[in-house]
Amino acid sequence: MTRFLRTWWPTMTVVAVILYATLNSDPVAADSLPPLPHLDKLIHAVMFGGLFSALCFDRYRSGHPLTLAAKVAFALCSALAGGLDELAQSAMDNGRSAELLDFVADCVGIAVAYMTAPPAIRRVVR
């Protein structure tokens, strides 16, 4: 269990932040955010691209290669997490709602991270 926690703590931290940010009724006072159109979509892309990146980072630094199969599995897991997150938002009565465009933004963030994170991770970990 200790080895698991030592290996996957960055991913678990990202998951905790995502859950707090997406399931809390007002994680940051909405009035404090700049009035940028579609800022929430950018935030979704960054969060779920970050989840994919954290999964890749944790795997690579634990000594396992970032194979095509691993990257595809991590991308699918991240997209599944995005979909489940939207379903959880619709099921909860906290003023949040599920949006298809949020899920699309999640997937776009994952796609961008799929192309950019592995090379960056290899450079950083070396």
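Owing to the predicted nature of the structure, the values given are computational and were not obtained by experimental measurement.
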Roughly how far apart are [X] [atom1] and [Y] [atom2], rounded to 0.5 Å?
X	Y	atom1	atom2	answer
S78	I18	OG	CD1	8.0 Å
S62	R3	OG	CZ	8.5 Å
R122	C56	CZ	SG	8.5 Å
L66	Y60	CG	OH	7.0 Å
Q89	L84	CD	CG	11.5 Å

* Asked: Counting only N and O atoms by type, is there a donor-acceptor contact under 3.5 Å from the side chain of E86 to the main-chain atoms of E99?
  -> yes
* Asked: Counting distance only, does the side-chain N/O of R59 pair as donor-acceptor with the main-chain N or O of A70 below 3.5 Å?
  -> no
* Only one of V17, T22, V14, D106 passes side-chain contact (heavy atoms from CB on, under 4.5 Å) with M47; say which it is. => T22
* side chain to side chain donor-acceptor pair (under 3.5 Å): which pairs involve residues 7-17, sequence neighbours left out? -> T11-D58
Does the side chain of [Y] come within less than 4.5 Å of [X]'s, by heavy atoms?
X	Y	answer
M115	K71	no
F74	L51	no
V108	K41	no
P10	R61	yes

Common cluster, [X]/[Y], ILVMFWY with side-chain heavy-atom separation under 4.5 Å:
X	Y	value
V112	L39	no
L100	I110	no
M12	L80	no
V46	L19	yes
L87	F103	no

* Contact summary for G49 and A113, nearest pair of heavy atoms -> O-CB, 3.4 Å
* Structure fact -> Scanning both residues in full, the closest heavy-atom pair of A88 with L23 reads CB-CD2, 3.9 Å
